[in-house]
**Q** 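First the structure, then my questions, so here it is.
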Amino acid sequence: MSELRIHLEFSGGAELLVGKTKHHDIALPHQPHPWSLRQLIAWIRDNLLKERAELFVTGESVRPGILVLVNSTDWELLGQLDYTLQPNDHVIFISTLHGG
Amino acid sequence: MAQLSVEEVGRYGRQLILPEWGRRGQESVKGNSVLIVGVGGLGCPCALYLAAAGIGRLGLLDYDRVELSNLHRQVLHCENRVGVAKSESGRDAVKGLNSHISVTTHTVLLDSSNALSILSQYDIIVDATDNVATRYLLNDGCVLLGKPLVSGSALRFEGQLTVYGWRGGPCYRCLFPSPPPPASVTNCSEGGVLGVVPGVIGSLQALEALKIASGMEPLYSQQLLLFDALGGGFRTIRLRPRQPQCAVCGENPSITALIDYELFCGSRADDKDKRVDILDPELRVSPQEYSEVVSGGKPHLLLDVREEVEYQICHLPHSRNIPLCHLQNGSLDATWEWILETTPTANDPTYSVFVVCRRGNDSQLAVKLLCEHGKAKGRGEEVVIRDIIGGLVAWSETVDPLFPKY
Ligand SMILES: [Zn+2]
């Protein structure tokens, strides 16, 4: 029974919510069913977010204005919350910028 | 198609001899028009390269005036045009660079009442704005008019670039059906930005607009370029295609005319700082009142709740720096201990704590946090904590003009 190791990246200011660190190598504990992105977001909320979770999570998904990418592809193309995480996946949470 | 003059052939020779560009591409560019919305950090370099490359007609839209704090990134403007409308300053700069092109200025705040009539005068729209409401407005306007939208943004050390509404590609709403909560949005004046970062993104916006104008394909339709100047470099992300359920470009659009975008986003269509007003008036003092406390030699504490990097730029003498985020993250107890141990005449009601920040917003949040914490712990009834209205900016404007504003 092994953990699921994946790489998380936060950018566009989303990193300010997770200790100002852009890159996080994490190990998700073993569970009977595969890990979905939905569960990953809940895990991040419970384990990585230091404060103001509402600036990252809305309901069971990310808040409006955050793009989620898995291995450089928009999660919308991969089944969104239902995507099943694979070992060594690179998941990026990008807060869109508005400044100019 | 527009014809090139002898002088223009000489002028654009270095790009005319590129086979992918050629006379055909140059004439197409001369026959095209681009509207740049926002003549700021993104719009300035974009306008420069579009003008230099020989775009036929350039529109410059901005309601704002040039400020000294713009010049590190808004490279069309210059010291002797501080105070001038950005649209006009930008026009003067690009006309000096290339007198062949035609430049139209729009010194207005773009909104639902004027957007379609302005956008419809141009072939390609460049989103170089600084706020969420105008980004949705531009997106919807471009979808309704069927125009490509070259969108860029920059903050701190990061930039993003994509082209919306290009030949079946997605629009802004396909990616972001709902606006972000206003509390999650940071502008350049609060978050900071290194000048060259919007310079890079604005130049790439010019490149995308020129490729479209010359008849080539843009690189970043349905692709998002991420630029991280600190450690990530350039990366390209594959985006979703146009979404059939999109509210504006989908199959059954619910948005068929422009709406109220400030209402939709819950934020104003500018990047001016939001004003917080949450404290009772008796918990607030003006900078003048505080300066009388200082000059009268009354004992007090001054707590500066800005970030440490800002405190290092400038601060008032005898102040102590405890950033607001530290107060929000468990430093309240320690701060109260500091207040109580350095309050030797605790029963003197004139003895008080003043809280200051850059503009007088965070200081109010800090006073509220400290008062609530003190009340919950049943202490500090003898201490009066107040904020300085308008912060250090107001201090500089009304008490000490030599105190730096940044
Ligand atoms: Zn759309």
Side-chain angles (χ1 to χ4, degrees), chain A residues 7-25 37 44-45 48-83 89-100, chain B residues 37-38 40-43 73 127-135 152-156 158-160 170 172 174-181 183-193 197-198 201-202 222 224 226 228 230-232 235-241 243 267 271 325 328-330:
Chain A
H7 184 79
L8 301 183
E9 184 177 342
F10 298 83
S11 83
E15 72 277 11
L16 301 178
L17 302 170
V18 288
K20 299 186 182 174
T21 307
K22 289 193 168 177
H23 295 273
H24 299 252
D25 282 309
L37 271 176
I44 291 171
R45 181 195 60 213
L48 286 185
L49 290 182
K50 304 259 187 291
E51 44 168 321
R52 297 183 293 167
E54 74 280 5
L55 294 185
F56 188 77
V57 186
T58 301
E60 62 177 8
S61 190
V62 291
R63 69 149 169 86
I66 291 182
L67 273 182
V68 184
L69 308 156
V70 182
N71 305 326
S72 294
T73 298
D74 187 344
W75 72 338
E76 196 72 36
L77 300 169
L78 302 170
Q80 236 219 30
L81 291 165
D82 295 323
Y83 170 79
D89 268 351
H90 188 136
V91 184
I92 314 182
F93 298 91
I94 303 170
S95 179
T96 47
L97 306 174
H98 305 286
Chain B
V37 183
L42 299 163
R73 68 188 190 283
D127 183 347
T129 60
D130 54 19
N131 67 87
V132 187
T134 308
R135 288 184 185 274
S153 57
L155 187 69
R156 303 188 185 97
E158 288 184 88
Q160 296 169 355
Y172 189 55
C174 291
L175 266 60
F176 306 108
S178 314
S184 72
V185 176
T186 307
N187 60 34
C188 291
S189 113
E190 281 298 310
V193 62
V197 174
I201 299 296
Q222 209 184 320
L224 173 67
L226 302 176
D228 176 357
L230 271 186
R235 269 186 307 181
T236 303
I237 301 301
R238 192 159 64 95
L239 296 174
R240 68 199 72 172
Q243 300 291 288
S267 58
D271 75 335
C325 62
Q328 289 164 333
N329 283 321

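All chains are named by letter (A, B, ...) in the order of the sequence lines, taking the proteins before the strands, and each is independently numbered beginning at 1. The model shown is predicted, which means the values in this text are computed figures rather than measured ones.
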**Q** Could you tell me the separation between the CD1 atom of I94(A) and the CD1 atom of I237(B), rounded to the nearest 0.5 Å?
**A**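 So the gap between those two atoms works out to 5.0 Å.
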**Q** Begin with the C-alpha distance, continue with both residues' side-chain angles, and end with the deciding distance and a verdict on salt bridge (Lys or Arg N to Asp or Glu O under 4.0 Å) for E15(A) and R156(B).
**A** CA-CA 12 Å; E15(A) 72 277 11; R156(B) 303 188 185 97; 5.2 Å; no
**Q** Under a 4.0 Å N-O cut-off, is there an ion pair linking R235(B) with E9(A)?
**A**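 Looking at R235(B) and E9(A), the cut-off is met.
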**Q** Please report the closest heavy-atom contact between P179(B) and P64(A), naming both atoms and the distance.
**A**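 Taking P179(B) first and P64(A) second, the nearest heavy atoms are O-CB, 3.3 Å.
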**Q** Atom CG in D130(B), atom CG in L97(A): separation rounded to 0.5 Å?
**A**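 Those atoms lie 12.5 Å apart.
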**Q** How about P181(B) and R63(A): do any of their side-chain heavy atoms sit closer than 4.5 Å?
**A**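 P181(B) reaches R63(A) side chain to side chain.
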**Q** Nearest 0.5 Å please: distance from the NE2 atom of H98(A) over to the OG atom of S267(B).
**A**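 If I round to the nearest 0.5 Å, the distance is 8.5 Å.
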**Q** Side chain, backbone, both or neither: which part of L226(B) has a heavy atom under 4.5 Å from chain A?
**A**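 Side chain of L226(B) only, per the 4.5 Å heavy-atom cut-off to chain A.
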**Q** What option among G41(B), S178(B), G40(B), A154(B) has the most heavy-atom pairs under 4.5 Å with chain A?
**A**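 Ranked by heavy-atom pairs under 4.5 Å with chain A, first place is A154(B).
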**Q** Run through D74(A), L69(A), L77(A) and flag the one making a side chain to side chain contact (heavy atoms under 4.5 Å, CB included) with R238(B).
**A**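 Testing each of D74(A), L69(A), L77(A) against R238(B), the sole residue satisfying side chain to side chain contact (heavy atoms under 4.5 Å, CB included) is L77(A).
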**Q** Using side-chain heavy atoms (C-beta onward) and a distance below 4.5 Å, is T96(A) in contact with V132(B)?
**A**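 Answer no - side chains too far apart.
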**Q** Are any of the side-chain heavy atoms of C174(B) and E76(A) separated by less than 4.5 Å?
**A**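 The answer is no, as the side chains (C-beta and beyond) never meet within the 4.5 Å cut-off.
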**Q** What distance separates Q160(B) CD from S11(A) OG, expressed to the nearest 0.5 Å?
**A**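 One finds 6.5 Å between CD of Q160(B) and OG of S11(A).
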**Q** Quick one: what part of D228(B) sits under 4.5 Å from any heavy atom of chain A, side chain, backbone, both or neither?
**A**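 Only the side chain of D228(B) comes within 4.5 Å of chain A.
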